[in-house]
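Beneath this line is the structure, given in structure tokens, with notes to follow.
Order of appearance sets the numbers: ligands from 1, and atoms from 1 within every ligand.
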Amino acid sequence: MTQTEYIVGVDVGGTWTRALLFETSAKAIEKIREQVDTSCDMAISDQIIKMIYNLCKRNGIAVSSLKGIGIASAGPLDSKKGLLIKPPNLPFDYVPLVEPIKQKLNVPTFLINDCAAAVLSEKEFGGGKGIKNLFYVTISTGIGSGIIIDDRLLLGEKGIAAEIGHVTVLPDGPMCGCGRRGHLEALASGTAIARWVKDKLAQGAVSTLPQNQTITTEMIANAAKSGDTLSTAALERAGRLIGQALANLLHIFNPTAIIIGGGVSQSGAILLEPMQAAMKEYTLSPSYLDNLILTRAAFGDEVGLVGALALGRSRYPYTKHNHD
Ligand SMILES: [Zn+2]
């Protein structure tokens, strides 16, 4: 009888460190979570090691029977060196994450950002199965992407490629969270859509949305569905800008499929139709759009763990440089 083999997927979020023990078949065994240990820069790798020990112990599994550990974290991070680079939502500086875990547990360990994890989860288990050239775009409080070209995850020289949220779409436009102006994220993310609506309301725009109250993109989407013109205009504007940015990427990468995730994409056709119209308008040839698959993401909150599983399970095909 063949011995069952295991993978651990780890997701480091702004609040929680989550770890899920899987069989390599992708059957989930047990998930645990703890608040991210931010007591010092090295605490996070110790925390992950302890969580993996605990998961193994509780399930009667030897750490040596782990075949891979995949870690997904909010970026920026250097997946080649396996370190976090001052993530804005965590109080860390440059934190080596992979090396301490590999040394302690002696298990192949890989680190990628959460959008790269998302594209892997779709590639292995969602709408991207069997697709060699795949984009994942998330539109939520920020905008991010994961790109697979010829079955390889696009990482770039330092593992910081595929930042669609920070392509410039409006020079001298509003300030982005990164400190530069006019980036897509500053114009079309959930945060940006809500800010645009709030500014218009302050200027006296007519809308069914409440004045002097926090406005969420969900409220804007609901108001748009009920015919509110300001909300519709906000989502159409964001959709068009996202479509323009995607048209730029279509020219460079010519993907087979684009998978759209993130809370704001739940707004549906009001956002996605203008997006598709802009993609059509800004591409040089209809060939980029003929047979292009455009679909919604299969995973929600679990996406980091599923992607980490895909990464741990594949071991190296997507990020071969880690083994080179
Ligand atoms: Zn930016």
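The side chain to side chain contact (heavy atoms under 4.5 Å, CB included) test with Ile112 singles out one residue from Leu153, Ile71, Val119, and that residue is Leu153.
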Tabulate below the donor-acceptor pairs under 3.5 Å that side-chain atoms of residues 12-20 make, not counting sequence neighbours, or state none.
residue : atom : partner : partner atom : Å
Thr17   : OG1  : Gln47   : OE1          : 3.0
Arg18   : NH1  : Asp301  : OD2          : 3.2
Arg18   : NH2  : Asp11   : OD2          : 2.8
Arg18   : NH2  : Asp301  : O            : 3.0

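Thr208 has its side chain out of reach of Ser226: every pair of non-hydrogen atoms, C-beta onward, lies at least 4.5 Å apart.
Lys31 and Glu302 are joined by a salt bridge, as a carboxylate oxygen and a charged side-chain nitrogen come within less than 4.0 angstrom of each other. Salt bridge present: Asp151 and Lys132 bring a charged side-chain N and a carboxylate O closer than 4.0 Å.
Around the Zn ion (ligand 1), the protein atoms of type N, O or S found under 2.8 Å away are His166 ND1, Cys176 SG, Cys178 SG, His183 ND1, listed by chain and number.
The heavy-atom pair separating Tyr136 from Ala118 by the smallest distance is CE2-CB, 3.3 Å.
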